[in-house]
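Below is one structure; the comments refer to it alone.
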Amino acid sequence: MANLIEMAKSQADSLLQAAYGRAVAGGRLPEGGLRGSVEIPKDTRNGDYAANHAMAAAKSMHMAPRRVAEELLACLELEGSYFSACEIAGPGFLNFRLAPAWYAAVLNNIISEGEGYGRSDAGHGERVMVEFVSANPTGPMTIGNARGGVLGDALASVLDRAGYDVYREFYVNDAGNQVDLFGRSIEARYLQLCLGEDAVEFPDNGYHGDDIRALAAMIRERDGDKYVDMPSEERRQAFVEFGLPYNIERMKRDLERYRIKFDNWFLESSLHSSGYVAETVQLLTDSGLTYEKDGALWLKNTELGADKDEVLRRANGFYTYYAVDIAYHRNKFVVRSFDRVIDVWGADHHGHAIRFAATMKAPALGLEGRKLDFLIMQMVRLVRGSEVVKVSKRTGKALTLSDLLDEIGVDACRFFFNAKPDTHLEFDLDLAVRQDSENPVYYVQYAHARICTLIENLAAEGVAVPESADFSLLTDEHETELIKQLASLPEEIRLAARDYDPSRINRYVTTLAGDFHRFYAACRIKGAAPGLLEARLCLADCVRRVIAIALSVIGVTAPEKM
């Protein structure tokens with residue numbers, strides 16, 4: 001798909017290369033080659049694109065940069081290009097001004113590509129797994145899971161539009177200490193129901209939430225007191241076998257409501273039952289990267305560049321989470337052949353990510369050439385007025401994802417949580433439900449709805465959006481700036497995929513909505529002169545299309561009425 005910004009940059013470079021060839025042939029400049037870059041300047045009043053070729057070549061040509069620029073300009077031919085003029089600025093910048101042909105190409109490109117506008121093949125079909133959320137299935141998902149869900153899903157979406165073959169995965173921690181504690185917590189609540197509140201002491205570090213009480217109540221309602229006299233280990237196993245699938249299904253329902261659907265829910269227990277964890281640890285042992293200490297098996301992670309060694313197998317014979325994580329990532333690369341894996345983790349995993357990246361370089365794992373990246377997101381602070389909302393899962397005093405969706409809706413959740421990952425997020429619940437321009441998601445959605453209403457009203461008067469128009473009539477500054485912003489979507493998607501920063505799309509579509517509102521106030525559409533009316537109506541419709549595409553990338557709807 002076309003990226004008119006990159007095409008303009010490339011064409012400006014090609015025009016300068018051709019001018020240099022003519023300058024050399026005419027004896028104006030010495031041979032030796034011409035190199036430089038073309039960028040969009042912060043201040044576009046002096047030109048839409050700025051090239052630094054003259055300054056980059058000045059030293060090798062033994063000429064003043066401005067003199068090189070003058071010779072290039074003298075030989076520059078712009079006829080038939082995207083540019084109407086070129087001027088010298090400062091020490092030797094060559095500033096290009098866009099021609100009507102470029103603006104028309106942007107709008108025609110949006111119209112012809114439809115919903116595919118903004119797609120590219122930058123990723124060349126590289127197989128990428130994005131693993132995100134992966135919340136412990138021991139209770140309802142909290143706000144941290146909510147942010148990770150949006151960032152992971154939006155990242156997967158921009159990668160898909162940038163030409164990667166993307167796979168979404170949820171890693172289910174259905175084994176280990178937290179599952180054992182989950183079973184003990186349900187057991188205590190169940191026995192309290194059967195024998196009385198004071199008959200059984202609740203584990204100090206147990207899960208105190210109402211969801212544990214609800215699971216215990218469901219078990220008792222279904223089976224009565226049949227588990228009271230059962231051996232504790234057998235009883236807890238039965239409760240885990242009931243509680244985990246129940247919670248996982250609830251997670252799936254909540255996430256689908258949140259517009260997140262995974263390609264796979266991968267069970268940690270499968271790594272144990274298949275022997276893959278033991279096999280992976282044995283590979284590290286056979287390569288001389290482990291040692292025994294105090295009955296435990298340790299990984300020589302410091303030899304791989306980490307700041308400390310890691311326990312792989314405890315003295316009781318159980319494998320640690322670290323060992324399981326190595327096996328899981330080896331499975332991603334070796335068994336399922338992903339070229340790249342991106343893990344979306346919370347800020348509390350930052351140190352683990354650094355050490356784990358070192359582990360993945362172990363030759364014994366056979367991961368040479370594979371790429372493991374981490375998207376580390378900062379914490380969320382929920383506020384309602386001046387009050388901070390608590391989000392602790394262990395104590396049970398938490399606002400869950402489901403609660404949040406009930407309170408402010410999916411669109412606001414997804415838009416607000418898709419903030420820049422590496423910054424702390426203060427989520428203002430009151431702002432998220434306001435219906436005014438201070439609420440960014442409302443501001444953007446209103447722009448889309450406003451255009452839809454405009455189109456509907458004009459259609460009622462017999463004026464439909466034409467398939468094409470004379471876009472050379474769009475010369476007002478508000479019109480050209482709006483078209484430039486429309487042209488930026490493919491580049492924003494490419495950069496969002498490159499930088500693992502889907503929040504770029506939030507900022508992009510908010511800017512686009514603002515540019516449209518200013519255009520709409522300054523440039524009359526209804527009642528404009530024939531020709532200009534059609535061109536402006538086409539422009540407004542292109543804005544509608546692009547807002548809808550950008551919002552769809554981050555999983556937000558584009559309403560037609562508000």
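Positions are given from 1 along the sequence.
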Under the ring pair (Phe, Tyr, Trp, His ring centres under 6.0 Å) rule, what do Y328 and F266 come out as? Steps first, then yes or no, please.
CA-CA 9 Å; Y328 175 46; F266 188 97; 5.0 Å; yes
Any idea how [X] and [Y] line up, ring-wise: parallel (<30°), tilted (30 to 60°), or perpendicular (>60°)?
X	Y	result
Y227	Y190	perpendicular
Y322	F356	perpendicular
H352	H349	perpendicular

Whether [Y] and [X] form a salt bridge (side-chain N of Lys/Arg under 4.0 Å from carboxylate O of Asp/Glu) is what I want to check.
X	Y	answer
K332	E131	yes
K420	D501	yes
E241	R236	no
D373	K371	yes
E256	K261	no
E310	K300	no
R434	D430	no

Heavy atoms from other residues, nucleotides or ligands near [atom1] of [X] exceed 12 (cutoff 6.0 Å):
X	atom1	answer
D348	CG	yes
E115	CD	no
F318	CZ	no
D436	CG	yes
E560	CD	no
E279	CD	yes

With rounding to the nearest 0.5 angstrom, report the CD to CG distance, E233 to D180.
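That separation rounds to 9.0 Å.
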Distance, nearest 0.5 Å, that separates CD of E292 from OG1 of T285:
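That separation rounds to 8.5 Å.
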Do the side-chain N and O atoms of S503 and R507 include a donor-acceptor pair separated by under 3.5 angstrom?
yes
Would you name the heavy atoms of [X] and [Y] that are closest together and state the gap between them?
X	Y	answer
N173	Y321	ND2-CE1, 3.7 Å
I248	P137	CG1-CB, 3.9 Å
D211	G139	OD2-CA, 3.4 Å
G206	H208	O-CD2, 3.1 Å
A135	M141	CB-CG, 4.1 Å
N301	A358	OD1-C, 4.4 Å

Using the ring-ring contact (aromatic ring centres under 6.0 Å, His included) rule, pick out the option among F170, F262, Y171, Y258 that qualifies with F132.
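Of the listed options, the one satisfying the test is F262.
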Name the one of D153, D263, D160 that satisfies salt bridge (charged side-chain N to carboxylate O under 4.0 Å, His left out) with R168?
D153
Applying side-chain contact (heavy atoms from CB on, under 4.5 Å) to R222 and F242, what does each step give before you reach the verdict?
CA-CA 11 Å; R222 185 190 67 177; F242 171 80; 3.4 Å; yes
Dump the intermediate steps for ring pair (Phe, Tyr, Trp, His ring centres under 6.0 Å) on F427 and F416, then the final yes or no.
CA-CA 7 Å; F427 193 129; F416 275 72; 5.1 Å; yes
NZ or CZ of R189 within 45° of F202 ring axis and under 6.0 Å:
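R189 over F202 ring: yes.
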Is it true that the NZ or CZ of R370 lies under 6.0 Å from the centre of F333's six-membered ring and within 45 degrees of the ring axis?
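R370 over F333 ring: no.
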